[in-house]
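Right, one structure below, let's go through it.
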Amino acid sequence: MADRTRSTIDIAAAPGEVLDVIAAFESYPEWAEQVKDCTVLTEDGDGWADQVEFTLDAGAIKDQYVLEYDWDVAEDGTGTISWHLVRASLLKGLTGSYTLEEVGAGTRVGYDLEVDLTIPMIGMLKRKAEKLIIDAALSELKKRVEG
């Protein structure tokens with residue numbers, strides 16, 4: 001079983017505001033540097049994205065892939081948004097989650113990620129790539145929400 005990489009960041013905004021940015025997939029290329037294109041393919045009955053196609057360029061990891069999302073969130077925006085890989089070219093597995101928790105006047109965002117590639121990669125390099133993806137995603141999310 002692959003190791004998961006995790007990081008957290010505090011954002012000076014309510015969980016609902018953070019959730020709105022996470023859920024607005026079409027705007028990801030505007031603020032998420034590694035996401036070159038993003039398209040919602042299907043939505044569930046509540047209007048949440050169900051399957052989303054991404055074009056990613058994260059240095060060592062470049063791919064076009066589809067993720068399926070599960071939205072376990074409360075009306076105030078707290079909760080967990082999780083995903084898993086449906087199909088890809090380079091990626092063999094991609095699972096992850098955002099966890100939104102209200103802290104003081106803001107939100108603590110946890111990001112878990114596990115990447116499995118079809119090409120062999122030394123575990124240390126893979127975890128470093130995961131950490132770079134997570135850190136960039138969290139810092140860019142913070143800038144987008146607070147900006």
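Count residues from 1 along the sequence.
The OG1 atom of T39 lies 6.0 Å from the CD atom of E53; values are rounded to the nearest 0.5 Å. Put simply, CG on D112 and OG on S97 are 4.0 Å apart, with the number rounded to the nearest 0.5 Å. To the nearest 0.5 Å, atom CD1 of residue I134 and atom CD1 of residue I9 are 12.0 Å apart. Here the straight-line distance linking atom CG of L67 with atom OG1 of T95 works out to 10.0 Å at 0.5 Å rounding. Taking CD from E68 and CG from L41, the interatomic distance works out to 11.0 Å, rounded to the nearest 0.5 Å. To the nearest 0.5 angstrom, L94 atom CG is 5.5 Å from L113 atom CG.
Residues passing the ring pair (Phe, Tyr, Trp, His ring centres under 6.0 Å) test with Y111, sequence neighbours excluded: W83, Y98.
For Y28 (side chain) and I22 (main-chain N/O), a donor-acceptor pair under 3.5 Å exists by modelled atom type. When atom types are taken as modelled, the side chain of T78 and the backbone of A74 share no donor-acceptor pair closer than 3.5 angstrom. Remark: side-chain polar atoms of D44 are paired, donor with acceptor, to backbone N or O of G47 under 3.5 angstrom. Without hydrogens or angle criteria, D63 side chain to Y65 main chain gives no donor-acceptor distance under 3.5 Å. A donor-acceptor pair under 3.5 Å links the side-chain atoms of E146 to the main chain of A12, judged by distance alone. Counting only distance, with no hydrogens or angles, the side chain of T107 and the backbone of E101 share no donor-acceptor pair below 3.5 Å.
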Discussion item. Let's go through L19 and L100 carefully: what are the C-alpha distance in whole Å and the side-chain angles of both, what is the deciding distance for side-chain contact (heavy atoms from CB on, under 4.5 Å) to 0.1 Å, and is it a yes or a no?
Written reply: CA-CA 8 Å; L19 179 62; L100 307 181; 3.9 Å; yes
Worksheet item: V21 and W31: side-chain contact (heavy atoms from CB on, under 4.5 Å), yes or no, with the steps?
Response: CA-CA 10 Å; V21 172; W31 61 270; 3.8 Å; yes
Item to complete: Could you please spell out the steps behind the side-chain contact (heavy atoms from CB on, under 4.5 Å) verdict for T99 and V109?
Response: CA-CA 6 Å; T99 303; V109 181; over 6 Å; no
Practice prompt. Walk me through it: do R108 and D10 pass the test salt bridge (charged side-chain N to carboxylate O under 4.0 Å, His left out)?
Written response: CA-CA 4 Å; R108 177 157 299 140; D10 289 343; 2.7 Å; yes
Discussion item. Run the side-chain contact (heavy atoms from CB on, under 4.5 Å) test on R144 and E30 for me, step by step, so that the C-alpha distance in whole Å, both residues' side-chain angles and the decisive distance to 0.1 Å come before the verdict.
Written reply: CA-CA 9 Å; R144 178 72 171 199; E30 297 171 13; 3.0 Å; yes
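Tracing side-chain contacts under 4.5 Å through hydrophobic residues (I, L, V, M, F, W, Y), one never reaches L91 starting from V66; they form parts of separate clusters.
Considering only heavy atoms from C-beta on, V18 comes within 4.5 Å of L141 through its side chain. Between F54 and D37 the shortest side-chain heavy-atom distance does not fall below 4.5 Å. For the pair L56 and K36, the minimum side-chain heavy-atom distance is 4.5 Å or more.
Environment of NZ in K143: sparse, with no more than 12 heavy atoms of neighbouring residues, nucleotides or ligands closer than 6.0 Å. Counting heavy-atom neighbours within 6.0 Å of E33 CD, excluding the residue itself, gives a total of 12 or less. In this structure, R6 places its CZ atom where more than 12 heavy-atom neighbours from other residues, nucleotides or ligands lie under 6.0 Å away.
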